[in-house]
Amino acid sequence: MIAFVSGPVAALAPDSAVVEVGGIGLAVQCTPNTLSGLRMGQPTKLATSLVVREDSLTLYGFVDDDEKQVFELLQTASGVGPRLAQAMLAVHSPDALRRAVATSDEKALIAVPGIGRKGAQKLLLELKDRLGEPVGAPAIGAPVSQGWRDQLHAALIGLGYATREADEAVTAVAPQAEAAGGPPQVGQLLKAALQTLNRAR
């Protein structure tokens with residue numbers, strides 16, 4: 001098992017990064033939050049989880065061991081594969097997921113693409129004794145949903161766009177984020193922002 005990868009960032013995409021390790025480029029699937037902290041050519045160290053299938057080997061990368069552990073624990077629930085586990089971490093931090101499970105917050109899980117009401121209820125039951133208690137205190141003040149602007153802006157800068165372009169793209173997708181009715185899904189907003197930037201070029 002590959003526990004982590006360490007080396008310079010060789011490439012960035014909306015849902016993955018390539019990290020050069022010993023002259024070999026390893027493609028690592030990452031959440032927008034993880035990608036937002038990476039910069040082209042800069043050294044990084046990502047905790048990783050290797051998912052082995054009959055026809056593929058996929059490496060998933062995380063900002064720390066806590067996020068990796070939650071990713072692996074989520075997959076112990078029936079019906080949760082690596083892609084859905086990653087989608088859950090793209091929308092919520094590990095602690096936010098722990099809080100959602102601890103307080104039986106269906107709405108928080110339904111905010112994840114691919115999870116409906118019945119699926120959320122089932123997950124809350126299955127994960128109740130697996131994720132543990134939240135590690136940090138809940139943030140006081142601005143709701144978590146306000147952080148999408150900073151996350152999205154940082155992710156676009158990390159992908160090589162100029163500050164002005166990132167500002168314009170964030171403004172362009174703001175109506176979509178505000179219409180979401182819940183915490184905005186940064187992954188979806190990143191895709192929309194990239195489409196906006198591609199049209200502008």
Side-chain angles (χ1 to χ4, degrees), residues 4-21 24-48 58-64 66-68 70-71 83-97 108 111-114 136 138-201:
F4 68 88
V5 296
S6 178
V9 177
L12 286 167
D15 60 357
S16 64
V18 175
V19 179
E20 186 182 330
V21 181
I24 298 170
L26 294 178
V28 187
Q29 300 292 309
C30 303
T31 64
N33 185 47
T34 300
L35 289 169
S36 70
L38 305 182
R39 298 290 178 270
M40 284 286 292
Q42 295 296 310
T44 189
K45 182 177 180 180
L46 296 174
T48 56
T58 309
L59 204 55
Y60 290 84
F62 308 94
V63 73
D64 57 29
D66 183 41
E67 195 173 64
K68 169 186 170 177
V70 169
F71 172 79
R83 290 205 172 276
L84 184 56
Q86 190 178 44
M88 292 169 79
L89 285 165
V91 176
H92 299 295
S93 69
D95 255 8
L97 283 172
V112 178
I140 297 167
V144 175
S145 59
Q146 294 303 308
W148 71 267
R149 289 177 182 271
D150 293 335
Q151 284 187 32
L152 182 58
H153 194 275
L156 290 166
I157 297 293
L159 288 168
Y161 288 96
T163 302
R164 181 183 57 80
E165 291 177 308
D167 290 341
E168 289 171 0
V170 169
T171 302
V173 301
Q176 179 182 331
E178 284 154 14
Q185 293 151 15
V186 178
Q188 290 186 359
L189 293 176
L190 181 57
K191 285 178 186 172
L194 290 169
Q195 286 170 356
T196 303
L197 288 162
N198 288 338
R199 282 198 296 270
R201 285 188 164 181

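Quick note: numbers below take in every heavy atom, side chains included, and nothing from hydrogens, waters or symmetry partners. Each residue takes its place number in the sequence, starting with 1.
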Q: Closest heavy-atom contact between Gly41 and Pro8?
A: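 Shortest heavy-atom contact: O-CB, 4.0 Å.
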
Q: I want to check something: taking the side chain as every heavy atom from C-beta on, are Val170 and Asp167 in contact at a cut-off of under 4.5 Å?
A: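 Side-chain contact under 4.5 Å: no.
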
Q: Minimum heavy-atom separation for Glu67 to Val63, with atom names?
A: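 In terms of heavy atoms, the two residues are closest at OE1-N, 3.2 Å.
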
Q: A side-chain contact here means heavy atoms from C-beta on lying under 4.5 Å apart; do Glu168 and Arg164 qualify?
A: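 Side-chain contact under 4.5 Å: yes.
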
Q: Look at the side chain of Gln176 and the backbone N and O of Val173, then say whether any donor-acceptor pair between them is shorter than 3.5 Å.
A: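 A pair under 3.5 Å: no.
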
Q: Measuring only between side-chain heavy atoms, which start at C-beta, is Val28 closer than 4.5 Å to Thr34?
A: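 No, too far: nothing below the 4.5 Å cut-off.
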
Q: Do you know which two heavy atoms are closest between Gly61 and Thr48, and how far apart they sit?
A: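 Scanning both residues, the minimum pair turns out to be CA-CG2, 4.2 Å.
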
Q: Nearest 0.5 Å, please: how far is OG1 in Thr31 from OH in Tyr60?
A: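 So the gap between those two atoms works out to 12.5 Å.
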
Q: Does the side chain of Pro94 reach to within under 4.5 Å of the side chain of Leu89, using non-hydrogen atoms?
A: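 They are in contact (side-chain heavy atoms under 4.5 Å apart), so the answer is yes.
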
Q: Can you list the steps and then say if Leu59 with Leu46 is a side chain to side chain contact (heavy atoms under 4.5 Å, CB included)?
A: CA-CA 11 Å; Leu59 204 55; Leu46 296 174; over 6 Å; no

Q: Compare all side-chain heavy atoms of Val91 with those of Pro113 and state whether any distance is below 4.5 angstrom.
A: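 Side chain of Val91 against side chain of Pro113, heavy atoms only: contact under 4.5 Å found.
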
Q: When you measure from the side chain of Gln86 to the backbone of Gln29, do you find a donor-acceptor pair of N or O atoms at a distance under 3.5 Å?
A: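 Yes, the answer is positive, given that a donor and an acceptor are paired below the 3.5 Å cut-off.
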
Q: Mind checking whether Leu84 and Val112 have side chains closer than 4.5 Å, heavy atoms only?
A: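 Leu84 reaches Val112 side chain to side chain.
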
Q: Rounded at 0.5 Å granularity, tell me how far CG in Leu190 sits from CG in Leu35.
A: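 Atom-to-atom, Leu190:CG and Leu35:CG are 7.5 Å apart.
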
Q: Give me the atom names and distance for the closest heavy-atom approach of Ala108 to His92.
A: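 Scanning both residues, the minimum pair turns out to be O-NE2, 2.6 Å.
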
Q: Taking all atoms of both residues into account, what is the closest heavy-atom pair of Thr196 and Ala172, and its distance?
A: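 Smallest heavy-atom distance, with atoms named: CG2-CB, 3.8 Å.
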
Q: Does a side-chain heavy-atom distance below 4.5 Å link Val9 with Arg39?
A: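 In short, these two side chains do not touch, never coming nearer than 4.5 Å.
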
Q: Considering all heavy atoms of both residues, which atom of Phe4 and which atom of Ala47 are nearest to each other, and what is their separation?
A: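 Where Phe4 meets Ala47 most closely, the heavy atoms are CB-CA, 4.1 Å.
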
